[in-house]
Amino acid sequence: MSSTPRNLAALAGITAAAVAIGAAEPVAVLTGPRSAPLVAVGGLVVDVVPEPVKQFAIDVFGTYDKIALLVGTALLLAAIAALLGLLAVRRLWIGLAGIAAFTALGVAAALTRAGADAADALPALVGGGLGALVLWAFIAGPLEVDPWPWSPPTAAPPTAAPSSATLGVDAPAGSSSLVVGPRGSGPTAGPSSADEAAPGPAGPGLSPGREPPEQVAPESRRRFLRGVGVLAGAAAVTGLGGHWLAGRRGVSAAREAVALPAPVSAAPAVPVGADLSLAQLAPYTTPTSGFYRIDTALVVPQVDPQTWRLRIHGRVRNPIELSFADLLARPMVERYVTLACVSNEVGGDLIGNARWLGVPIRELLDEVEPEEGADQVVGRSVDGWTCGTPTAVLRDGRDALLAVGMNGEPLPVEHGFPVRMVVPGLYGYVSACKWVTELELTSFADFDAYWVPRGWSAQGPVKTQSRIDTPRPRNRITAGPVVVAGVAWAQHRGVSRVEVRVDGGPWRDATLAPTVSVDTWVQWSWRWDATPGEHTLQVRATDATGETQTGRERPVEPDGATGWHTVQVTVR
Ligand SMILES: Nc1nc2c(c(=O)[nH]1)N[C@H]1C(S)=C(S)[C@@H](COP(=O)(O)O)O[C@H]1N2
Ligand SMILES: [Mo]
């Protein structure tokens with residue numbers, strides 16, 4: 001990028017923004033990672049973006065949607081900061097006002113998060129203040145390009161002779177400069193387009209007839225770029241250092257220190273043959289490291305088990321409060337439960353099966369004695385996220401757990417450490433509260449949990465579904481016997497039958513592998529005598545109530561996708 005005044009102005013804006021964000025991080029080490037402006041604003045975005053956009057992000061980026069959001073936010077911020085730099089050269093106050101506006105946004109975002117206190121405003125305030133200082137230093141202070149060739153003529157008359165700044169070296173022919181102008185122009189190249197990008201009728205300070213020079217004086221440029229280098233470096237050091245420090249304040253050590261009790265009721269052994277162990281088939285028990293993760297938390301909540309409390313309150317006769325030690329002292333059960341996300345597309349992989357250790361929620365509800373009509377239990381996470389579960393479901397005898405263990409270990413931090421809910425038969429968004437700190441008894445009429453006002457159904461029983469894991473569309477298949485296999489689920493009802501068909505022909509019964517319980521998925525397989533050509537494979541499951549999965553295709557919103565998983569393959 002050549003050192004045209006425009007590029008330098010944009011660079012000044014970006015550097016100011018980098019300093020603002022970098023300086024806020026170490027402050028957020030004290031006030032908590034969610035008060036860091038980038039994360040706080042990103043969190044606000046997560047909460048307010050329209051549902052289709054969010055769904056699009058999950059579709060495109062999958063589990064990386066959060067990284068995509070943070071990178072996207074940072075890129076957008078850089079573009080706006082560059083624009084502010086360009087504006088600041090003409091009117092410093094516009095640049096400063098822009099920084100003030102972003103500071104206000106950062107403060108508002110930090111203060112409106114669940115559990116925020118006044119100190120959470122500090123990272124944005126400190127960052128914004130330093131960012132403003134840096135912008136001033138570049139535009140009108142000690143690091144100023146001397147003088148900004150296209151800054152408003154103050155003393156000099158409009159017809160003043162070109163300043164020394166115009167004497168710089170010409171831009172290399174054909175070099176392009178990213179001009180983010182007030183009219184939103186894109187990348188443009190060469191001197192002529194620089195003229196086009198000159199101020200419009202809004203009348204910034206460039207005098208008529210005075211062309212902005214393409215290069216600034218070398219010594220002025222050197223000082224400026226040295227300033228950029230030093231400040232950007234400092235921002236990177238404080239930003240990354242602060243981020244690292246904040247991470248060290250996490251709870252991974254506390255998690256490793258947790259000794260899980262043995263269950264009074266162990267999980268049934270996985271029957272021989274439950275796992276067909278085929279290369280492309282999802283294993284019966286999902287390894288914790290490969291378990292899908294879905295939540296609204298941009299930074300994973302770090303909940304100290306020492307200070308963790310669970311309040312069970314609301315419309316109950318005997319509210320109680322439990323510490324982590326209280327919970328661990330209770331009789332624990334261990335169960336396999338397959339957890340599924342309502343956002344799972346037909347054929348998708350937002351589903352996993354794990355062995356959970358925990359206290360039956362039913363027993364806790366018996367103790368608090370819910371009042372008549374308290375038909376909803378709202379699980380509330382430390383970060384304010386909520387889900388609403390029917391009280392009746394939690395008390396109907398199924399293994400709904402306040403879980404502390406997953407696959408024989410304390411819950412991973414990103415899966416809800418120290419305590420989460422797991423309810424067989426319900427999608428995660430209405431039942432699987434991670435980092436849970438409250439169970440509040442209320443009614444569906446009185447309270448809408450997080451996803452309900454965002455267009456999702458208040459009731460979220462898991463729909464019967466089935467998936468073909470092998471073969472996959474791009475597999476090389478040779479004619480002859482081919483094993484078609486996958487998983488099917490209808491949690492808490494159980495899968496009684498899986499059928500496969502080829503090219504819309506008759507449905508054929510697949511073989512069901514044994515499974516632990518009705519609360520988990522089941523593997524299935526079917527031997528296909530494949531003939532050369534293009535073929536379409538489809539699968540459907542029937543649950544133990546006798547209801548067969550519908551072929552009608554419906555989207556994930558509002559209460560889970562329907563339709564048959566369909567796979568196109570080529571046989572040679
Ligand atoms: N605190 C909190 N808990 C949450 C969520 C969330 O956004 N925040 N998402 C829910 C959803 S939509 C699902 S599908 C499950 C996913 O659990 P997992 O990430 O452990 O797979 O968590 C549920 N629990
Ligand atoms: Mo979900």
Side-chain angles (χ1 to χ4, degrees), residues 34 42-43 46-47 49 51 54-55 57-59 62-66 69 113-115 282 285-303 308 310 337-345 348-356 358 377-389 400-407 409-440 449-452 454-463 465 489 491 521 555-561:
R34 291 189 313 127
V46 169
D47 286 354
V49 294
E51 201 39 46
K54 215 174 299 187
Q55 195 55 48
I58 291 178
D59 290 350
T63 311
Y64 296 107
D65 58 340
K66 291 187 182 64
L69 174 78
R113 304 302 291 165
T285 306
T286 311
T288 305
S289 61
F291 206 94
Y292 81 96
R293 175 189 163 200
I294 292 286
D295 53 63
T296 60
L298 278 179
V299 289
V300 181
Q302 306 284 327
V303 182
W308 178 87
L310 178 72
V337 175
T338 298
L339 188 61
C341 183
V342 69
S343 294
N344 196 28
E345 304 280 354
D349 57 6
L350 299 179
I351 179 167
N353 186 39
R355 186 160 44 93
W356 308 96
V377 176
V378 172
R380 189 169 279 115
S381 154
V382 276
D383 64 0
W385 186 85
T386 51
C387 62
T389 312
L401 301 180
L402 263 182
V404 296
M406 179 180 188
N407 292 334
E409 284 179 22
L411 289 178
V413 179
E414 62 273 23
H415 291 292
F417 180 79
V419 184
R420 75 173 303 167
M421 294 170 64
V422 174
V423 182
L426 302 184
Y427 286 122
Y429 84 106
V430 290
S431 70
C433 189
K434 304 192 275 190
W435 315 289
V436 64
T437 61
E438 258 182 65
L439 298 182
E440 182 183 358
Y450 185 89
W451 285 111
V452 177
R454 291 169 172 83
W456 297 80
S457 168
Q459 302 291 332
V462 174
K463 292 180 178 171
Q465 265 296 345
W489 58 92
Q491 289 93 312
W521 59 13
V556 294
E557 196 178 349
D559 62 358

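Counting convention: from 1, in listed order, for ligands and their atoms alike. This is a predicted model, so every value here is computed, not measured.
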Say whether Tyr292 and Asn344, considering side chains only, have a donor N or O and an acceptor N or O under 3.5 Å apart.
no
To atom 14 (S) of ligand 1, the nearest of Tyr292, Tyr427, Trp456 on a heavy-atom basis is Tyr292
Return a yes/no value for Lys434: is any of its N or O atoms, backbone included, closer than 3.5 angstrom to an N or O of ligand 1?
yes
Could you list the residues that satisfy salt bridge (Lys or Arg N to Asp or Glu O under 4.0 Å) with Glu409, not counting sequence neighbours?
Arg255
Is the shortest heavy-atom distance from the side chain of Trp489 to the side chain of Ile351 under 4.5 Å?
yes
Is Asp295 close to ligand 1, meaning an N/O of one under 3.5 Å from an N/O of the other?
no
Among residues at least two apart in sequence or on other chains, which ones pass salt bridge (Lys or Arg N to Asp or Glu O under 4.0 Å) with Glu440?
Arg380
Of Arg293, Met421, Arg420, the one whose closest heavy atom lies nearest atom 17 (O) of ligand 1 is Arg420
Heavy-atom contacts under 4.0 Å between Trp385 and ligand 1: side chain, backbone, both, or neither?
side chain
Numbered atoms of ligand 1 (with element) below 4.0 Å of Tyr429, judged on heavy atoms
11 (C), 12 (S)
At a 4.0 Å threshold, what atoms of ligand 1 neighbour a non-hydrogen atom of Leu339?
17 (O)
Does any N/O atom on Val342 come nearer than 3.5 Å to any N/O atom on ligand 1?
no
Among Gly460, Gly428, Ala297, closest by heavy atom to atom 13 (C) of ligand 1 is Gly428
